[in-house]
Amino acid sequence: METALEVYNDTETRSPETQPIKRRKKKSMVWEHFTIEAVEPNCRRAFCKGCNQSFAYSNGNKVAGTSHLKRHIAKGTCPALIHTQDNDNNQLMTTPYTPKNDTPRRRYRTQTPSPFVAFNQDKCRQEIAKMIIMHDYPLHMVQHPGFISFVQSIQPHFDAVSFNNVQGDCVATYLAEKQNVMKSLEGIPGRFCLTLDFWTSKLTLGYVFITAHFIDSDWKIQKKLLNVMMESYPEADEALSLVVANCVSEWGLEGKLFSVTFNHPASNSAVENIRPQLCIKNPGILDGQLVIGNCVARTFSSLAKDVLEKGKDVIKNIRDSVKHVKTSESHEERFIELKEQLQVPSEKVLSLDDQTQWNTTYKMLVAASELKEVFSCLDTADPDYKKPPSAEDWRHVEALCTFLKPLFEAASTLQSTGNPSAVTFFHEVWKTQSDLSRAIAGEDPYVAGIAKTMKEKVDKYWRDCSLVLAMAVVMDPRFKMKLVEFSFSKIFGEDAGKNIKTVDDGIHELFSEYMALPSPLKPTSEGGKADGLSDFDTYIMETTGQNLKSELDQYLDETLLPRVQEFDVLDWWKQNKLKYPTLSKMARDILSIPVSAAAFDYVFDMEPREMDEYKTSLRPETVEALICAREWLLENASSSAAAQMASAIIKSEA
């Protein structure tokens, strides 16, 4: 605070005897923004250089100090400072005058004031839109009194945003991100495989999540959500083909679509309507199986549902016993004490299941089964426990777990692996089918009954998808046709030869399709430079076509690679693309075929996902914008965080 001597008015009359007092230079930085003027005798005020607003400064010997002057500048309430902001709000605020260049010597140990950041209404609206999208907040939150009050407390100059305003801002954010996604897909060298994940709603409207799966120029498998389309009549035969056609047209995928996988029950005519969208249109190739109607996640969930339905009475008894323990603190204490007395070695923890997620029921049964000895004796330690499961119940629980375990492990692979390969699920489906065949032949009628119901669905999945799965196996240099021959001999018995020939013929027919591709889709699309020799390429194809076709046979005749656990099949093809220029392109597309249409966190759902009531109240275009933009923004944030972490690791190791 300035002293009375510092603010002495030199316009006042001094007596001749009084020596003038030399005033010290003002040190506060606010004096770069204010001037002092006398407004009347013994009264002076501070005037802002930007807006000319006056503030109290001194009255007689009393000085007001500079705190209120600092607030006028630092809080951004000076109109002149607000209106001189840059349009993009990325530069420091400028003022309509030039501050002094010299830095006054400081008298006190004070913090350097932070730079002034100008307020930008448009920038704030953009950030609000991103916040709503990324955190899945309702659009109407901008009209909630609490939100308005909160924002006003931070920045009084912020103009309230209407529902329509924020809806438009969110769509604008989506469109900007969509341009980035489209640009990133332009350079993809191979073809695209689509998955259609169907969601329901209470309004009987369907919502189709369309995701593209592909292998990038670095031979890494990728996926990108493209559309969320509302379908008014999801059961119609035209529903699937319409959404696929719209997606292909919107994203420029004509001639680039390789396969379609979906998890929605569809008629044969509905599947036939999709096939013309594929770049491989010949129904003789793979018997049209590049349209995959059986999503493996839904198939596993359907199988699990059958198992749980068969054991529903036993499962209810187990659930009631677990509920008795978990819903009372005293009951749980008695259970734990009894477990310790009996010295039961299990480390499993009891938990009630969520009946919409079949994996939680499986985990509940496994934990209860390992603790069955405690349940059998619990009525002696807990008089409130009346109905322990019988020995027959526990035997049935073990049988149920035997069926559910391989399904659980296979479905877990969908969660643990970002893009599980068809090779993995060839093994899983083949193993499941073999196990079920043995169970049916067994002597236990309860087990055989469950196995028979399951095998009918596994057989259907195998009929529909075994050819595509087998093709992926052939493209793995550790297995090729040898694993197909071995597994088919176990599954089909006398008919194995016919089925093996179907795979061999299909892979050769598909290779012929790739040999017939026009030169622009040949290896130069992976970054090679045009050299004006396209006619020469055509000549080579015409004169040596038969030799090039042996590229597939050459690959199949070579010795199998060792089955090492950490083998990366995509990296192998990347290293051998010059050796197999055409076959590697076919392998790229085959190995990108997804086996599941369900998002990885929904693979254990018992029923199709349901769109929430709030989103179904919005326009379909807004729903698509919110969901797609959210996924893209989160992917960007994840990539940025990963890049920062990698950079930090590199610096720490340097």
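Residues: numbered from 1 along the sequence shown. These numbers were taken from a predicted model, which means no experiment stands behind them. We use all heavy atoms of the structure for the numbers below, so side chains are in, but hydrogens, waters and symmetry mates are not.
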Q: Count the heavy atoms belonging to other residues, nucleotides or ligands that lie under 6.0 Å from NZ of Lys339, then report whether that count exceeds 12.
A: yes
Q: Do any N or O atoms from the side chain of Gln357 and from the backbone of Asn359 form a donor-acceptor pair under 3.5 angstrom?
A: no
Q: Flag yes if more than 12 heavy atoms outside Tyr233 fall under 6.0 Å of its OH atom; otherwise flag no.
A: no
Q: So that I know where these two stand, are Phe214 and Phe258 an aromatic pair - ring centroids less than 6.0 Å apart?
A: no
Q: So which pairs with a foot in residues 131-147 pass salt bridge (Lys or Arg N to Asp or Glu O under 4.0 Å), sequence neighbours left out?
A: Asp136-Lys615
Q: Should Glu613 and Lys202 count as side-chain neighbours, where that means a heavy-atom distance under 4.5 Å?
A: yes
Q: Contact between Tyr207 and Arg609 at the side-chain level, heavy atoms closer than 4.5 Å - yes or no?
A: no
Q: Might you work through the side chain to side chain contact (heavy atoms under 4.5 Å, CB included) test for Asp169 and Gln126, ending with a clear yes or no?
A: CA-CA 7 Å; Asp169 293 342; Gln126 292 173 12; over 6 Å; no
Q: Passes side chain to side chain contact (heavy atoms under 4.5 Å, CB included), Arg125 versus Val161? Steps please.
A: CA-CA 8 Å; Arg125 283 180 51 170; Val161 183; 3.9 Å; yes
Q: So how far is it from Ile215 CD1 to Ile221 CD1, rounded to the nearest 0.5 Å?
A: 5.0 Å
Q: Closest approach of Val260 and Leu257, non-hydrogen atoms and distance?
A: CG2-CD2, 4.1 Å
Q: To the nearest 0.5 Å, how far apart are CZ in Phe262 and CG in Leu194?
A: 12.0 Å
Q: Does the side chain to side chain contact (heavy atoms under 4.5 Å, CB included) test come out yes or no for Thr195 and Ser596, once each step is laid out?
A: CA-CA 8 Å; Thr195 56; Ser596 175; over 6 Å; no
Q: Would you tell me whether Asn227 and Trp251 have side-chain atoms, one donor and one acceptor, within less than 3.5 Å of each other?
A: yes
Q: Give a yes or no answer on whether the side chain of Ser149 reaches the backbone of Gly146 with a donor-acceptor pair at less than 3.5 Å.
A: no
Q: For the residue pair His331 and His324, does the interplanar ring angle fall in the parallel (under 30°), tilted (30 to 60°) or perpendicular (over 60°) class?
A: parallel
Q: Give the C-alpha distance, both sets of side-chain angles, the deciding distance and a yes or no for side chain to side chain contact (heavy atoms under 4.5 Å, CB included) between Leu626 and Leu618.
A: CA-CA 10 Å; Leu626 292 173; Leu618 302 174; 3.8 Å; yes
Q: Mind listing the closest non-hydrogen atom pair of Cys295 and Ala597 along with its distance?
A: SG-N, 3.1 Å
Q: How many angstroms lie between NE2 in His140 and CD1 in Ile132, if you round to the nearest 0.5 Å?
A: 10.5 Å
Q: Of all heavy-atom pairs between Val151 and Phe158, which one has the smallest distance, and what is that distance?
A: CG1-CD2, 3.2 Å
Q: What are the two closest heavy atoms between Val603 and Ala411, and how far apart are they?
A: CG2-O, 3.9 Å
Q: Please report the interatomic distance CE(Met134) to CD(Glu127), rounded to the nearest 0.5 Å.
A: 10.0 Å
Q: Say whether, by atom type as modelled, one donor and one acceptor occur between the side chain of Asp353 and the main chain of Gln355 under 3.5 angstrom.
A: no
Q: For Tyr174 and Trp632, take the angle between the two ring planes, folded into 0 to 90°, and tell me which bin it lands in: parallel under 30, tilted 30 to 60, perpendicular over 60.
A: parallel
Q: Search all heavy atoms of Asn263 against all heavy atoms of Leu196 and return the closest pair with its distance.
A: OD1-O, 3.2 Å
Q: What's the spacing between Lys224 NZ and Glu631 CD if we round to 0.5 Å?
A: 8.0 Å
Q: A side-chain contact here means heavy atoms from C-beta on lying under 4.5 Å apart; do Cys48 and His33 qualify?
A: no
Q: Verify, without hydrogens or angle tests, whether Asp218 (side chain) and Lys220 (backbone) share a donor-acceptor contact under 3.5 angstrom.
A: no
Q: A side-chain contact here means heavy atoms from C-beta on lying under 4.5 Å apart; do Met230 and Ser201 qualify?
A: no
Q: Parallel, tilted or perpendicular, judged at 30° and 60°: which one describes the rings of Phe209 and Trp199?
A: parallel
Q: So, Thr261 side chain and Pro594 main chain: donor-acceptor pair closer than 3.5 Å or not?
A: yes
Q: Any donor-acceptor pair under 3.5 Å linking the side chain of Lys49 with the backbone of Glu32?
A: yes
Q: Once you round to the nearest 0.5 Å, how far does CG of Leu240 lie from CD of Gln277?
A: 11.0 Å
Q: State whether the side chain of Thr66 and the backbone N or O of Leu69 hold a donor-acceptor pair below 3.5 Å, judged by distance alone.
A: no
Q: Would you call Glu37 and Tyr57 a side-chain contact if the rule is heavy atoms closer than 4.5 Å?
A: no
Q: So, for Arg298 and Asp605, which heavy atoms are closest and what is the spacing to 0.1 Å?
A: NH1-O, 4.4 Å
Q: I want to check something: taking the side chain as every heavy atom from C-beta on, are Arg619 and Gln167 in contact at a cut-off of under 4.5 Å?
A: yes
Q: Decide yes or no for Asp354 and Phe604: does some side-chain heavy atom of the first lie under 4.5 Å from some side-chain heavy atom of the second?
A: no
Q: If we only count heavy atoms from C-beta on, is the Met606 to Ser301 side-chain gap below 4.5 Å?
A: no
